[in-house]
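Data first, discussion second: the structure below is written as structure tokens.
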There are 2 protein chains.
Amino acid sequence: MQQLKAIGYTEYEAKSYVSLVKSGTVTAYQVSKNSGIPRARIYDILKSLIEKGLVLKEEKIDGTVYSPLPVDVFLEKAQSNWQKNYQNLSNKLKQLETTEESPDNQILILKEKTTIISYCRMLIRKAEKRIIISLWDDMYEEMREELEEVAEGVQIQGITLHVDHPIKTVDLHRITHFTEAPTSKRWFVLSIDAKEMIYGSYVNDCELAFYTNDQVHIYLLEDYVWHDVLVNRLVKRNKDNLEQWISEERKKFFMEDGFVEK
Amino acid sequence: MQQLKAIGYTEYEAKSYVSLVKSGTVTAYQVSKNSGIPRARIYDILKSLIEKGLVLKEEKIDGTVYSPLPVDVFLEKAQSNWQKNYQNLSNKLKQLETTEESPDNQILILKEKTTIISYCRMLIRKAEKRIIISLWDDMYEEMREELEEVAEGVQIQGITLHVDHPIKTVDLHRITHFTEAPTSKRWFVLSIDAKEMIYGSYVNDCELAFYTNDQVHIYLLEDYVWHDVLVNRLVKRNKDNLEQWISEERKKFFMEDGFVEK
DNA sequence: TTTTAGTTACCATTTTGGTAGTCACTATTT
DNA sequence: AAATAGTGACTACCAAAATGGTAACTAAAA
């Protein structure tokens, strides 16, 4: 039971509790049998679980039996523990944090899927004017909520792949042999107000991304997304007098004029 | 930083991250100095934090510097991790739980403060008719929310000590030399529909309590609370023809007649 | 020459998972 | 009736892994 280990219990403790939840009130011997924990260890493990309040002991005339803390009680306990701990942590860390101005031209390496996603979500919430994205479906779903939340006050431009109902203002990538190849490398780009940006390889792969506030990087990658959008629109359009049309489209995309803040 | 250890980081990891949050972007050497972690260990620790996405590495021409993941991003990450894990756990455990009828005449031993409190909260939420309590202030505060929530549909009787604004239907214990003595032993009682009950020594002490569904225990302890209430009311009243008055009061307290369910 | 920066190679302790073997009592098979 | 298998309870270890902690060495910069 991986989830129980994640909240601080050992493998044996997790197995014991789960076994007890399955079986109800039984003897220690039975717990050992059901859970596969060596008989010799079951008593000290149950003891530690009793100390932690996860298991209830009942001494009867004909021996001792153990019951699991009811699941709903356990969940309530776990939740309120977490809440307290989180509140504490939050307060302390926020007090400590020195709000130094982050220097320009930074490129930070982000690792670990949940870190990358959390960072993206924070940035989206911070956006004030324009967000440019290039996202595949699973990544989009991870930040759908945040995007839809800010969509009213912020222009969201860009392209999505395989996403079912993205924000109306973004383009949908046409299906090509390239986008369908399972081996093709997937990248994503998320640019916030042309000031900050996260881009990287795709979450399911090696879980690596970069944060930057460097203007050159931002320009290049925004343009990269723009070209992707452009080609896509061209294919759809397929007409003449492309040149002027492209420049108009580009202006509209980047909102280089006529954009009025709400 | 105890809170960080509680969510799975080691002491060194916690110290490193906290130090980085305090100092902002610095070299590994500085982290070691600020946090008190031996220089010889700081590199592998930062490495592990980078893998976990808590620390960002930046390699510059004149050396490598490390930044903490911004506190708000970290908190969002921690929260969403917890949420996922909790959801999983909740589903799995609820599926496993066999809803065997708990036998009568149980007396279970509850240990650990948060376990006791969580159990009390669950019982209060389950109450349908009548709750009888005998609670000191700190314990009352732990379950104030739950009590006030069910107060409309459920009769709440009993006595509280030192509680500021308890439910109107409960009595306030008079201040005596006994209630004020810091050494006096504190007990609490919580009886739900005269079917289930938790009673025990007080949370700040040895953190031991008992759950029972045994009718005898419940009768005895409910009566014990009743006597406490009664004596209290007597002192306030201090009149004659007490006998009849007591029996009337008792009836009202236990709602032995005339109680209509809502 | 002290401070900063980076690295290798250990070691001790604690936690955790896992084994062996003992004792007593009960139920069942031979 | 004796032998056997299963249940229930407990002591004493042991090995591996994780974690905290030390010594010492290099090399540049201040």
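Quick note on labels: first sequence line is chain A, next is B, and so on, each numbered from 1.
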*Hey, are B/E145 and B/R125 close enough for a salt bridge, meaning a charged N less than 4.0 Å from a carboxylate O?*
no

*asked:* What's the closest nucleotide to the side chain of B/T10 if the choices are D/dT19, C/dG6, D/dT11?
replied: D/dT19

_Between C1' of D/dA18 and CD of B/E11, the distance in whole Å_ = 13 Å

*Going through the distances and angles, do B/K84 and B/Q87 end up as a side-chain contact (heavy atoms from CB on, under 4.5 Å)?*
CA-CA 5 Å; B/K84 258 183 209 154; B/Q87 213 43 57; 5.8 Å; no

*asked:* Applying the salt bridge (charged side-chain N to carboxylate O under 4.0 Å, His left out) criterion to B/E13, which one of B/K5, B/R41, B/K52 satisfies it?
replied: B/K52

*Does the side chain of A/Y29 get closer than 4.0 angstrom to OP1 or OP2 of D/dG8 through an N or O atom?*
no

*Hey, what's the ring geometry for B/H217 with B/Y199, parallel, tilted or perpendicular (30° and 60° as the breaks)?*
parallel

*Check the distance between D/dG8's C1' and A/K33's NZ and give it to me in whole angstrom.*
12 Å

*Does B/Y12 put a side-chain nitrogen or oxygen below 4.0 Å from OP1 or OP2 of D/dA18?*
no

*Closer to the 5' end of DNA chain D via nearest nucleotide, is it A/R39 or B/G8?*
A/R39

*If only side-chain N and O atoms of A/Y43 are considered, is one of them under 4.0 Å from the OP1 or OP2 phosphate oxygen of D/dA9?*
yes

*Over how many whole Å does the gap from B/E59 atom CD to C/dA5 atom C1' extend?*
14 Å

*Relative to the 5' end of DNA chain D, which residue comes earlier, A/R41 or A/G63, by the nucleotide with the nearest heavy atom?*
A/G63

_A/Y17 and A/Y9 aromatic centres sub-6.0 Å_ = no

*Looking across every strand, which nucleic acid part, if any, lies under 4.0 Å from B/T64 by heavy atom: base, sugar-phosphate, or nothing?*
sugar-phosphate

*Starting from P on D/dA9, measure out to CG on A/D62 and report it in whole angstrom.*
10 Å

*Below 4.0 Å: OP1/OP2 of C/dT4 and any side-chain N or O of B/T27*: no

*B/K47 bridged to B/E51 by N-O distance under 4.0 Å*: no

*Considering non-hydrogen atoms only, spot the tightest contact between A/Y211 and A/L110 and give its length.*
CB-CD1, 4.3 Å

Check: protein-nucleotides 26-28 of chain C nitrogen or oxygen pairs below 3.5 Å:
none

*Spacing between A/K5 atom NZ and D/dA18 atom C1', to the nearest angstrom*: 13 Å

*Rounded off to whole Å, could you give me the CG-to-C1' distance for the A/N34 and D/dT7 pair?*
13 Å

*asked:* Distance check needed: D/dG20 C1' versus B/Y9 OH, whole Å only.
replied: 19 Å

*asked:* I need the CD1-C1' distance between B/I42 and D/dT19, as an integer number of Å.
replied: 14 Å

